[in-house]
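Chain identifiers are assigned alphabetically (A, B, ...) following the order of the sequence lines, protein sequences preceding nucleic acid strands; residue numbering begins at 1 within each chain.
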2 protein chains.
Amino acid sequence: MNAKLLRGSLDTIIIKLLNDHGEMYGYEITQKVKDITGEEVKITEGALYPSLHKLEGKGILSVETRSIGNRFRKYYSITKEGKSELATMLEDMKIYMNSMELILNTKLT
Amino acid sequence: MNAKLLRGSLDTIIIKLLNDHGEMYGYEITQKVKDITGEEVKITEGALYPSLHKLEGKGILSVETRSIGNRFRKYYSITKEGKSELATMLEDMKIYMNSMELILNTKLT
DNA sequence: TTGCACTACCTAAGAATCTTATGTATGTTT
DNA sequence: AAACATACATAAGATTCTTAGGTAGTGCAA
């Protein structure tokens with residue numbers, strides 16, 4: 001996926017997935033995004049984990065660490081505050097998409 | 001406009017406008033984008049001018065300075081190389097948009 | 001049984017691309 | 001005359017990626 005374009009929308013992707021699918025752990029998010037987009041979007045871990053930590057720090061996500069046999073996973077969920085953030089983010093994304101359509105589909109004026 | 005989301009698509013916007021409208025100068029580009037998007041997208045000059053210089057440096061744009069009365073303007077045009085770059089950029093944008101639609105419109109799985 | 005791929009977490013250095021602030025200068029309107 | 005618009009530009013700082021590395025458990029094939 002074009003890294004330049006992804007820039008800025010990772011938070012929206014994370015929050016939307018957690019909103020729709022309930023709690024998820026980081027690695028699961030990377031796989032889900034790959035699945036949904038048919039390999040077009042691949043979230044790198046170097047981008048994902050710092051984002052998750054940031055969103056948790058802001059109170060947009062909450063986290064719960066669970067033991068799975070001998071290893072552990074950190075399950076993230078969207079908070080109430082996160083839900084209202086998501087609404088704003090989706091609105092912004094809609095405006096952005098519409099604007100890009102306008103610019104990229106307009107012919108000579 | 002949401003600055004985060006714009007991040008990465010400014011070059012595409014510039015090149016697409018120059019492709020469609022022929023030569024334009026920087027300030028004109030900012031106004032055109034405002035017009036097309038109904039004020040939703042406002043390109044800041046701090047972002048625009050460095051981008052124009054970068055694209056010119058890469059040979060994607062060519063520039064011609066003209067005197068307009070007592071002042072000057074720098075008119076930018078897309079080069080042949082720029083045209084092929086644009087094709088790639090539009091393709092990438094299409095993939096990005098499709099992917100975002102998939103992620104943001106998918107419900108519970 | 002060893003080594004490779006996958007799962008699962010993490011961080012740090014560096015690159016890229018914005019915002020905000022500032023500067024210069026001319027043109028136009030009130 | 002002052003304010004706003006046109007028109008160029010740069011610099012410091014913030015943000016958000018990539019790339020590259022690290023740790024460690026799991027499962028399978030040579």
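By the salt bridge (Lys or Arg N to Asp or Glu O under 4.0 Å) test, B:K54 pairs with B:D11, sequence neighbours left out. Applying the side chain to side chain contact (heavy atoms under 4.5 Å, CB included) rule to A:R7 yields the partners B:R7; only residues at least two apart in sequence or on another chain are considered. In terms of the side chain to side chain contact (heavy atoms under 4.5 Å, CB included) criterion, residue partners of B:E45 (sequence neighbours excluded) are, by chain and number, B:Y27, B:Y49. With sequence neighbours excluded, no residue satisfies side-chain hydrogen bond (donor to acceptor under 3.5 Å, both in side chains) with B:R71. Here B:S77 pairs with B:E23, B:S62 under the side chain to side chain contact (heavy atoms under 4.5 Å, CB included) rule; sequence neighbours left out. Under the rule for a side chain to side chain contact (heavy atoms under 4.5 Å, CB included), the partners of A:T65 that lie at least two apart in sequence or sit in another chain are A:F72, A:K74.
If you measure from atom CG of A:N70 to atom C1' of D:dG25, you get 7 Å, rounded to the nearest angstrom.
Taking 4.5 Å as the limit, every side-chain heavy atom of A:T12 sits out of range of all side-chain heavy atoms of A:D92.
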Give DNA chain C the dot-bracket treatment, 5' to 3': Watson-Crick (N1-N3 with N6-O4 or O6-N4) or G-U (N1-O2, O6-N3) under 3.5 Å, [ ] crossing, | other strand.
||||||||||||||||||||||||||||||
How would nucleotides 1-17 of chain D be written as a contact map, 5' to 3', with B for base contact, S for sugar-phosphate-only contact and - for no contact, using protein heavy atoms under 4.0 Å?
----SBSBBB----BBB
Side-chain donor-acceptor pairs of residues 78-86 of chain B under 3.5 Å, sequence neighbours excluded:
| residue | atom | partner | partner atom | Å |
| --- | --- | --- | --- | --- |
| B:T79 | OG1 | B:G59 | O | 2.6 |
| B:T79 | OG1 | B:I60 | O | 3.1 |
| B:T79 | OG1 | B:E81 | N | 3.4 |
| B:T79 | OG1 | B:G82 | N | 3.0 |
| B:K83 | NZ | B:N19 | OD1 | 2.9 |
| B:S84 | OG | B:E81 | O | 3.2 |

